[in-house]
Amino acid sequence: MATAAGQAAQAPGARPIGRVMAQVAMVMNLDKCIGCHTCSVTCKQAWTNRSGVEYVWFNNVETRPGQGYPRQYEDQDKWRGGWRRTAGGKLKLRAGGRLKKLATIFANPVMPSIRDYYEPWTYDYESLITAPLGDDMPVARPYSLISGEPMKVEWSANWDDNLAGGPEIASGDPIARKLGEKVRFSFEETFMFYLPRICEHCLNPSCVASCPSGAMYKRAEDGIVLVDQEKCRGWRMCVTGCPYKKVYFNHKTGKAEKCTLCYPRVEVGMPTVCSETCVGRLRYLGVILYDVDRVSEAAAVADEHDLYEAQLGVFLDPEDPDVRAAARRDGIPDRWLESARRSPVYALAKRHKVALPLHPEYRTMPMVWYIPPLSPVVDALTGTGHDGEDAGNLFGAIESLRIPAEYLAELFTAGDVAPVNASLRRLAAMRSYMRRINLGEERDETIAAAVGMRGRDIEDMYRLLALAKYEDRYVIPTAYGVDDADRGVIEEVGCSLDTDGGPGMGGMGGPIPFGEASGQPPPASVETFHALRERQTSDGGGHLAGRVNLLNWDGNGTPDGLFPPSGSGGGGAAADRPPDGAGAPEGGAR
Amino acid sequence: MTWLDQALWGVLPYLVLLVLIGGTVWRYRFDKFGWTTRSSELYEKSILRIASPLFHFGLLVVIIGHVVGLAVPKSWTEAVGVSDTMYHVMALSLGIVAGVCTLVGIALLIYRRRTNGPVFSATTVNDKVMYLVLVAAIVAGLATTVLSAGADLAGGHGHDYRVTVSVWFRGIWILHPDVAAMAAATPAFKLHVLIGMALFALFPFSRLVHAFSAPVQYLFRPYIVYRSRDPIPGRASRPAQRGWG
């Protein structure tokens, strides 16, 4: 359990480091999530406020225990997502191999239908102003955005928000079902937390493996999993392949769409929209270096409980000179290595071992990790009248409050309670260790030692988790691999204005012959170019007429229309960002 | 041989080919984003689950039947000892089964398209025209098969398309279409061929293009696809091999 940085390095004489790749990964600190859905809403505004993806939330926040979105997506006996290990020790797509995929291509038997998500709707607002004068208030009736018919609203992406533990909802939770008898959800034992979810940008993505067209790919430079909209043919196998159900089918364009990790922002060193707008400041973005040649073997370990450790074993220590040499050999630039050293994701996942992967048993090697919430334990402890921040009390409570831990273990460690408890113990240790400092007492190294840490490690962790400065949370290097001189993204998008049909060639598509979905969309890099030029870093940019494009808002200033007018007197920007929030992302200002 | 025969069987096939190839190239070049199955499975599954495989697998057999019937000369099958009767029994029985599957499949699909609200509202005029021509082609084709089978059962001989249509068809590819052979075919066959040509002309401009993207390469490519931000040869590219690579 030693956390010395050198410990994670490859032992001398171990097998050589294979091909090194870099991944921009995320950690979310669940203790801080207040379930405000700001991430979901800003993501939706930036990415899926179009027809065809009305029902799509690249980012959603689930109340757990709960059914999730789409409903019961975790029930892989039903949805058959992810990988399974064959008796021979190989990985196979749970929904079937290549031939089975092609044989079921005409009607995918395990694709969720719109009802499993929810039927999106709008309201007949016009009737509010056109209704004839009468005794009754006019009502805006809900209309389906799918069929255009009046509909009864019965479910949506977040229908069970805050309803965790209620018998109707909890009985539909695949994890609660798995725990079976143990979870009775009696009033005394009720617990609840929020689980924000985006695409996991897995190291072993089963959606990519499921795509018959080869349209889905993992970017070699930053590990972001994307759908090539020009190569996607709408076979829908990715939707089945993803066990997290984070690839969606755009029913207007007939193409798959998914979370892009806001790559146009990440490429220029800005955090994703969901991270940027997170009220609780619970998201962390950073680079992980990993050995791609070990991924398939780590994903195929026999015991599901070993998957968490196996994935940690794939991550490479950026402090290790051998790793650095191998990374340079494989074309990873030095500024990415520097960034990896400062990566909060590496620190939380591997150095402090408090972050855990979501459902490692799907064997996709997910790269959005979670720090399990200690709050249910603290709350329960405080409720009994004990000191909820005393290390001894907390350690005891973690052991005795089995149900939250077992539930968390089903989420994060394939049911193995030990890593969850270890993580919770470290969080508990941090609380009591730091409380002593706050109260002016002596630093108590025994608290740190009890969880296999040093006081210094705990203070590092505290800085990352509790202070959570902007520049510590988001350590994102700018894109590389553009050309041999590695000029950076700005010049690159300048050039791609001259792509065929791009604005530099005097055309933006023109009339669209085959319905609204056809024709050529401008390349994303062209959009990024315009976005960068019109980046909303200041109070300017009034030409957007009250609309704010959150995709390229860098968090500075108060663009028109983002906040309501600040009342009388024109006192100016009441919502200005605090000074510590204005830290420039690494590389952005060079 | 009238001028009409010359126009229909000598000139029209090349116009259709031109439209088919030129149109497909054009569509691929300028509308990759619109090149999709436009699946409606998200809206409705229960009918689709039966109808779509019925239609598509039926159609695949029909296509194989067409390839064999049109491309393989009669002398070849006779050389390997397949008698005329044997061939006809095989072709007609398989053809009727596959044709009926296809027809029932598309009938169910159209029924679904018309009665399911979301699916109907996702249907474009383009789709409707395409369905019309596609159904007409299937019905006309099935009619020729049934007529031939009927004639065979009545003891006589049905029209042998292998000495008329097939000869003409093969001639097209060596730029020497046997117009006279095609002109000698029965009206049912002529109608089927004409509708077929209409379908091919429509192909590049409709959702039918998804047939050209049948993902056979999926069987051979590595499971996980890595791609560079920018296509620079030699950087961050891995040798493609089956499995994880």
Side-chain angles (χ1 to χ4, degrees), chain A residues 19 21 91 98-99 101-102 105-109 111 113-114 144 146-149 204-205 208-209 211-214 216-222 228-236 249 251-255 267 295-296 331 479 481-484 492 501 512-515 517-521, chain B residues 27 29-45 48-57 116-122 124 126-127 205-207 209-210 213-230 232 234-238 243-245:
Chain A
R19 189 186 167 82
M21 281 202 189
L91 283 190
R98 296 167 201 261
L99 284 171
K101 280 252 145 41
L102 292 194
I105 206 162
F106 301 128
N108 182 348
M111 183 185 156
S113 73
I114 192 82
S144 165
I146 299 289
S147 65
E149 300 297 314
N204 188 30
V208 172
C211 174
S213 309
M216 292 193 75
Y217 60 98
K218 191 168 178 65
R219 286 217 301 199
E221 290 87 355
D222 51 19
D228 185 334
Q229 292 290 307
E230 297 212 329
K231 283 179 86 181
C232 175
R233 301 285 172 254
W235 301 121
R236 319 173 298 291
F249 187 72
H251 59 91
K252 279 284 191 308
T253 64
K255 307 250 165 171
E267 280 175 2
V295 168
S296 55
V482 173
D483 64 13
D484 290 338
E492 188 262 343
I512 39 176
F514 308 113
S518 72
Q520 282 185 304
Chain B
R27 177 94 188 260
R29 204 162 137 61
F30 293 105
D31 189 26
K32 286 200 197 79
F33 185 54
W35 193 296
T36 149
T37 57
R38 303 237 333 272
S39 163
S40 55
E41 187 173 355
L42 191 68
Y43 302 137
E44 198 280 340
K45 288 185 73 148
L48 185 91
R49 257 186 100 161
I50 297 162
S52 177
L54 199 63
F55 167 73
H56 282 97
F57 283 118
N116 187 289
V119 184
F120 185 55
S121 51
T124 63
N126 187 312
D127 292 341
F205 312 105
S206 67
R207 67 197 303 175
V209 285
H210 74 267
S213 338
V216 214
Q217 77 280 3
Y218 181 54
L219 296 174
F220 311 105
R221 72 136 216 262
Y223 258 141
I224 308 297
V225 180
Y226 293 94
R227 237 170 86 178
S228 233
R229 270 190 76 234
D230 203 47
I232 300 164
R235 171 169 285 178
S237 64
R238 291 153 47 76
W244 277 260

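These numbers come from a predicted model, not from an experiment.
Only the side chain of A:Arg236 comes within contact range of chain B, judged by heavy atoms closer than 4.5 Å. Looking at A:Ile146, the atoms closer than 4.5 Å to chain B (heavy atoms on both sides) sit in the backbone and in the side chain alike. Contact annotation for A:Leu99: both backbone and side-chain heavy atoms come within less than 4.5 Å of a heavy atom of chain B. Heavy-atom distances place the side chain of B:Ser121, and not its backbone, under 4.5 Å from chain A.
The side-chain heavy atoms of B:Val225 and A:Met216, taken from C-beta on, include no pair separated by under 4.5 Å. Residues A:Met21 and B:Tyr226 meet the side-chain proximity criterion, which asks for heavy atoms closer than 4.5 Å. Inter-residue side-chain proximity for B:Ile224 and A:Ser296 is flagged as unmet; no heavy-atom pair is nearer than 4.5 Å. Between B:Arg227 and A:Asp228, some side-chain heavy-atom pair lies under the 4.5 Å cut-off.
Atom CD of residue A:Gln229 and atom OG1 of residue B:Thr36 lie 10.0 Å apart, to the nearest 0.5 angstrom. Once rounded to the nearest 0.5 Å, the distance linking CG of A:Asn108 with OG of B:Ser52 reads 11.0 Å. The NZ atom of A:Lys252 sits 10.0 Å away from atom CZ of B:Arg38, with the distance rounded to the nearest 0.5 Å. With values rounded to the nearest 0.5 angstrom, B:Gln217 atom CD is found 6.5 Å from A:Ser213 atom OG. Interatomic distance, B:Tyr43 OH to A:Ser147 OG, rounded to the nearest 0.5 Å: 10.0 Å.
In this structure, A:Arg98 is not positioned above the aromatic face of B:Phe220 in the sense of NZ or CZ being under 6.0 Å from the six-membered ring centre and within 45° of the axis.
Using the six-membered ring where Trp is involved, B:His56 and A:Phe106 have ring planes that are parallel, under 30° apart on the 30 and 60° scheme.
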Practice prompt. Apply side chain to side chain contact (heavy atoms under 4.5 Å, CB included) to the pair A:Trp235 and B:His210, showing each step before the final yes or no.
Written response: CA-CA 10 Å; A:Trp235 301 121; B:His210 74 267; 4.1 Å; yes
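Contact count versus chain A (heavy atoms, under 4.5 Å) is highest, among B:Gly117, B:Pro53, B:Ala51, for B:Pro53.
In this structure A:Arg233 satisfies the salt bridge (charged side-chain N to carboxylate O under 4.0 Å, His left out) test with no other residue, sequence neighbours excluded. Taking the side-chain hydrogen bond (donor to acceptor under 3.5 Å, both in side chains) definition, one finds that B:Asn116 meets it with nothing, sequence neighbours left out.
Side-chain atoms of A:Glu221 and B:Ser228 include a donor-acceptor pair closer than 3.5 Å.
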